[in-house]
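In what follows, a single structure is set out as structure tokens and then discussed.
By convention in this document, chain letters (A, B, ...) are assigned in the order of the sequence lines, proteins followed by strands, and residues within each chain are numbered from 1.
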Amino acid sequence: MIEALTYSLSRAAGISREEIRDLFNKLKLKISPTPSPELGDYGVALHYILHRKKLPRDEWSVFGRGVVEALMTSDYRDRCYIVKAEFTNGYLNIWIDYSRIFRDYADYVLTGRLFEELKSRGRGRRVVVEHTSANPIHPLHVGSGRNTVIGSTFANLLRKLGYDVREHFYVDDMGRQVAVLVYGVSLLSRNGVEPSPDRKIDHWYGIVYALTNILIEKGKLEKKLVEEAARIHDVISDAAEKLLGLYEVNGLAPIYELHVSFKNASWKKRYIHDLYQIIRKLDRLLAKTLKRLSDEESKDLMEIADWFRRETSGFLEDYREYMEYVEAENRLRILEPSVYGVLSEEIIDPLIAEEAIGELMRKYEEEDPIVSELFRKTASDVLEGFRETLGRIGVVFDEYDWESSREIRGLTRHVLERALSTPYVVLEDNAVILDLDKAAREDDYVRKLFGGEEPGRFVLRRSDGTTLYGTRDVAYSIYKFEKLGAEKVYNVIAHEQAREQKQVKAALHLLGYHEYAEKLVHLDYEMVNLKGFSMSSRRGRIYTLDELIDDYVEVVVRDYLENKIRGVGGLKYRIENIEEFQSTAEKLAVANTRALLLSIDPRKTLAFDPSKLQEHLEGSWILYTYVRLQSILRKHYGYEPLEHLEEIGRDLIDKLSSIKEVFLEKSEKELLESLLGYQETLLTVEESLETNKLLEKAMDICMKANKFYEELPVLSEKDRDKRIIRLILVALTMIILKELLEIMKLPKLKVV
RNA sequence: GGGCCCGUAGCCUAGCCAGGAUAGGGCGCCGGCCUUCUAAGCCGGAGACCCGGGGUUCGAAUCCCCGCGGGCCCGCCA
């Protein structure tokens with residue numbers, strides 16, 4: 001196409017073909033779809049050339065005619081499916097022969113060549129996609145859900161592109177958070193409290209984790225506040241003195257008033273709760289007095305006020321945080337009274353708890369058999385809950401890789417050894433640190449990796465000899481390449497860990513694993529924000545993936561029934577088969593869940609209001625379109641179209657060959673156009689990692705399909721050729737949509 | 001404080017990297033369409049000085065500079 005335009009432009013403009021080709025390469029000239037069909041199908045803006053030639057506006061049309069003539073008389077015309085060309089307002093617009101494109105594409109898809117071609121891209125090369133990898137301490141929440149959906153979708157995309165994909169879940173069982181949970185669990189089991197059968201297992205552990213954490217953190221803050229309280233008393237006394245001093249200087253009565261208030265406040269010993277109220281009261285009084293005084297008069301007082309605020313702000317902040325824990329505690333204790341009973345009894349001194357947790361971590365790292373058993377059992381239990389949830393949304397991992405496994409431990413030691421022989425290693429009181437700042441100054445790869453960011457120091461071993469998450473992550477990366485045989489690794493990990501991921505890459509590179517570093521890709525995604533609900537896993541406030549799916553089931557059922565009641569059935573609308581109805585509702589709920597979590601660019605924050613799920617029904621919408629397409633084919637052929645795809649393909653190719661002239665209506669052209677973009681979408685997403693584009697493609701196809709469906713009859717079309725063309729279009733759409741559903745793991749529905 | 005990302009109708013979002021003709025969608029709102037392949041649909045309408053200000057260009061939502069507003073990261077945490 002570009003050649004065709006190069007040829008004709010060069011003829012008409014008298015510029016060499018090389019130069020024109022160069023303009024195309026530099027994208028000074030670009031072929032793009034026209035804004036409206038009256039202007040043709042594609043167009044090129046020629047203003048650049050027009051200005052270069054300094055053509056006055058009234059000579060444009062002469063030039064344009066020249067270009068059009070050159071194009072239409074050349075033999076490129078036929079090869080590029082061009083049927084017509086026109087010059088308007090400095091644009092060269094081209095009409096395409098959809099008839100031939102339609103024939104070629106139908107054949108391409110129905111014979112399966114399209115899919116073979118896509119498969120040839122990966123050529124069976126092994127790729128590892130690590131995703132989800134949530135800490136096994138509480139149920140998966142919507143944030144983990146986003147990770148899962150993005151990860152599994154990307155993995156499926158790579159499968160369609162012919163890669164040998166392995167989906168792995170990395171179990172972070174060696175971190176502090178799991179140790180906190182294990183500590184809570186051990187206290188409970190010592191007192192005879194075991195997981196409740198009435199609650200999904202990961203949800204039960206989630207409460208245990210949150211309560212354990214809350215009781216410890218609350219205790220710490222309480223201690224801190226009590227200690228602070230003494231200092232705050234001094235601050236208030238000092239303030240009282242300062243105010244008195246100030247009054248003696250300037251003699252302003254309101255200052256004396258203030259002094260009395262402060263003096264009063266400093267007398268009695270206060271509990272932290274009163275103290276909070278008192279500070280706020282004094283603060284208000286200060287503000288009030290400042291307002292009464294003129295700028296000149298308030299200058300000195302302002303200084304005292306600022307000082308007072310500075311001195312007390314830490315206390316206020318801590319107190320607020322403390323209250324949040326108290327609130328969280330109250331919320332959770334009602335849910336599992338027996339758990340709360342034991343934990344609140346046992347966790348008295350946060351320091352003792354901390355000590356015990358540290359001890360657990362050390363023992364686990366040393367592979368103490370009893371402690372190891374406890375960690376394994378706890379994490380496995382929670383993972384059991386994960387598996388159930390993941391199964392609901394169609395995700396099954398090939399493997400769960402434990403951070404504590406022998407392989408990772410072994411490789412972690414190897415990483416440390418190897419690090420010692422790199423030029424960027426720093427030893428500080430027995431700690432092993434990679435100086436990435438220095439590396440960035442001397443090593444091109446590391447510098448480019450971090451760009452403007454500060455690489456920082458990457459600690460591989462603490463002074464006490466234990467390793468860190470990052471160290472084990474480096475080891476795990478080597479594991480993926482070496483043991484799993486990956487040629488490329490994608491880590492679906494939240495954006496907040498972008499720096500750590502870069503450090504891992506840098507470490508791999510510096511350790512001599514240049515290739516691994518290159519082939520480790522961080523597929524990063526941003527957080528999920530809920531409106532009117534701030535999630536805090538440390539305080540046990542999470543909107544779980546299970547809840548999201550359940551909420552969707554409710555929305556979907558309500559939506560469907562309300563529609564039936566309004567329409568044919570009235571209040572007496574009868575559900576034919578309850579079981580089937582439930583299964584359909586579940587499928588739709590899953591489709592909506594996945595679609596919601598996939599709907600926007602992973603790199604942008606996904607925000608939605610859990611109470612307004614009925615506004616996010618993209619999943620239902622796609623499935624419904626898919627159902628309609630099937631039902632047309634089912635009616636025509638008399639059997640399940642999905643079970644006879646090859647047969648239908650052969651039949652349609654055969655029928656297509658008997659058609660002389662293919663004429664497409666507007667809505668048919670648009671649908672075809674959208675389908676044509678399928679291949680490009682897949683390849684783009686592989687590169688850009690924007691998994692949301694897959695959903696967008698599916699939605700675009702559905703939109704065009706719905707319009708086509710509404711506008712043109714298929715089965716009842718009298719003209720045989722038109723009927724066949726439309727049947728083919730329906731089949732093509734169904735097939736492409738099926739592929740997209742498989743990639744996004746939206747459940748497939750036959751009927752509703 | 002330093003770095004990265006983001007800012008498009010009441011709300012959410014596409015387009016931005018590779019500048020082009022009327023800024024696409026969705027939710028919500030208003031009005032139409034179920035005896036015709038399943039109305040979870042379709043059609044029509046109202047609603048946007050593309051955060052502000054400069055610059056580059058024949059042409060800027062898009063590129064550059066300066067602001068403003070929001071998020072994230074800067075641990076011997078994970």
Side-chain angles (χ1 to χ4, degrees), chain A residues 25-30 32 34-36 39 43-48 50-52 54 57 88-91 93 135 172 174-178 403 428-433 450-457 459-464 466-470 472-473 494-500 524 526-527 529 531 556 559-560 562-564 566-568 588 599-601 603-609 612 614-625 627-629 631-636 688 692-693 696 699-700 702-703 706-707 709-717 726-727 730 751-752:
Chain A
N25 288 337
K26 283 193 191 139
L27 294 153
K28 289 281 180 196
L29 294 174
K30 204 166 88 177
S32 49
T34 60
S36 98
L39 294 167
V44 186
L46 300 179
H47 306 82
Y48 185 80
L50 293 167
H51 278 274
R52 234 188 68 165
K54 299 209 184 352
R57 185 98 199 184
T88 20
N89 297 326
Y91 293 88
N93 292 329
N135 279 325
D172 295 332
M174 291 186 75
R176 209 192 95 91
Q177 288 187 299
V178 175
E403 194 179 8
E428 261 173 37
D429 335 296
N430 200 36
V432 179
I433 302 165
F450 286 94
E453 271 178 271
E454 203 168 288
R457 283 151 45 107
V459 179
L460 295 176
R461 191 178 71 188
R462 295 188 184 92
S463 321
D464 68 2
T466 58
T467 56
L468 290 94
Y469 175 81
R472 300 185 291 263
D473 207 5
H495 179 73
E496 43 182 20
Q497 295 199 49
R499 199 176 133 92
E500 187 266 351
D524 73 346
E526 263 295 352
M527 298 281 91
N529 266 342
K531 298 208 173 121
V556 160
D559 233 54
Y560 179 80
E562 283 305 315
N563 192 30
K564 286 296 175 196
R566 230 180 309 112
V568 283
L588 288 168
S599 60
I600 75 163
D601 187 335
R603 284 167 312 198
K604 289 191 182 176
T605 311
L606 169 62
F608 69 91
D609 185 340
K612 288 185 181 161
Q614 72 278 6
E615 291 176 8
H616 305 277
L617 297 174
E618 285 86 353
S620 296
W621 192 70
I622 292 173
L623 288 199
Y624 195 73
T625 308
V627 164
R628 283 167 152 178
L629 296 168
S631 89
I632 294 175
L633 292 174
R634 186 183 302 120
K635 232 173 196 162
H636 179 76
S688 72
N692 58 310
K693 296 246 158 106
E696 273 162 30
M699 303 232 302
D700 188 56
C702 287
M703 201 170 76
N706 279 332
K707 279 186 184 160
Y709 172 89
E710 203 69 32
E711 207 170 288
L712 304 167
V714 179
L715 300 180
S716 52
E717 169 60 48
R726 287 176 197 165
L727 263 177
V730 168
V751 287
V752 179

Base partner of B/G2, which must satisfy Watson-Crick or wobble distances under 3.5 Å: B/C73
Name the nucleic acid region contacted by A/Val44, choosing base, sugar-phosphate or nothing; use a 4.0 angstrom heavy-atom cut-off, strictly under. nothing
Any donor-acceptor pair under 3.5 Å linking the side chain of A/Arg603 with the backbone of A/His495? no
For B/C63 and B/G15, measure between their C1' atoms and round to the nearest Å. 15 Å
Give me the distance, rounded to whole Å, that separates B/A14 from B/U57 when you measure between the C1' atoms they each carry. 26 Å
Working to the nearest 0.5 Å, report the span between CG of A/Asp473 and OG1 of A/Thr467. 11.5 Å
Nearest-nucleotide pick for A/Tyr91, side chain only, options being B/A21, B/C58, B/G41: B/A21
For A/Glu717, check salt bridge (Lys or Arg N to Asp or Glu O under 4.0 Å) against everything at least two apart and list the hits. A/Arg726
Taking the C1' atom in each of B/A46 and B/G32, what is the distance between them to the nearest angstrom? 15 Å
Relative to the 5' end of RNA chain B, which residue comes earlier, A/Gly43 or A/Trp621, by the nucleotide with the nearest heavy atom? A/Gly43
Taking atom P in both B/C49 and B/C11, compute the distance separating them and give it to the nearest angstrom. 11 Å
For B/C58 versus B/C66, give the span between their P atoms, rounded off to a whole number of Å. 24 Å
Look at A/Tyr48 and B/G19 and indicate whether a side-chain polar atom (N or O) is within less than 4.0 Å of OP1 or OP2. no
Looking only at heavy atoms, which two atoms of A/Ile600 and A/Thr605 are closest? And how far apart? CD1-O, 3.2 Å
Syn or anti conformation of B/C34, syn meaning chi within 90° of 0: syn
Integer angstrom distance from the P of B/C12 to that of B/U36: 40 Å
Taking atom C1' in both B/A78 and B/G19, what distance in whole Å separates the two? 44 Å
Using a 4.0 Å heavy-atom cut-off, write out nucleotides 72-78 of chain B from 5' to 3' as B (base contacted by protein), S (sugar-phosphate only) or - (no contact). SSS-BSB
With 3.5 Å as the limit, what N/O pairs link the protein to nucleotides 13-15 of chain B?
unit_1, atom_1, unit_2, atom_2, d
B/A14, OP2, A/Lys604, NZ, 2.7
B/G15, OP1, A/Lys693, NZ, 3.3

Check this one for me: any side-chain N or O of A/Lys707 less than 4.0 Å away from OP1 or OP2 of B/C43? yes
Would you mind telling me which residue lines up with the more 5' stretch of RNA chain B, A/His51 or A/Arg603, judged by nearest nucleotide? A/Arg603
Given the C1' atoms of B/G59 and B/G20, what is the spacing between them in whole Å? 7 Å
Side chains of A/Val44 and A/Leu46, heavy atoms from C-beta outward: is any pair under 4.5 Å? yes
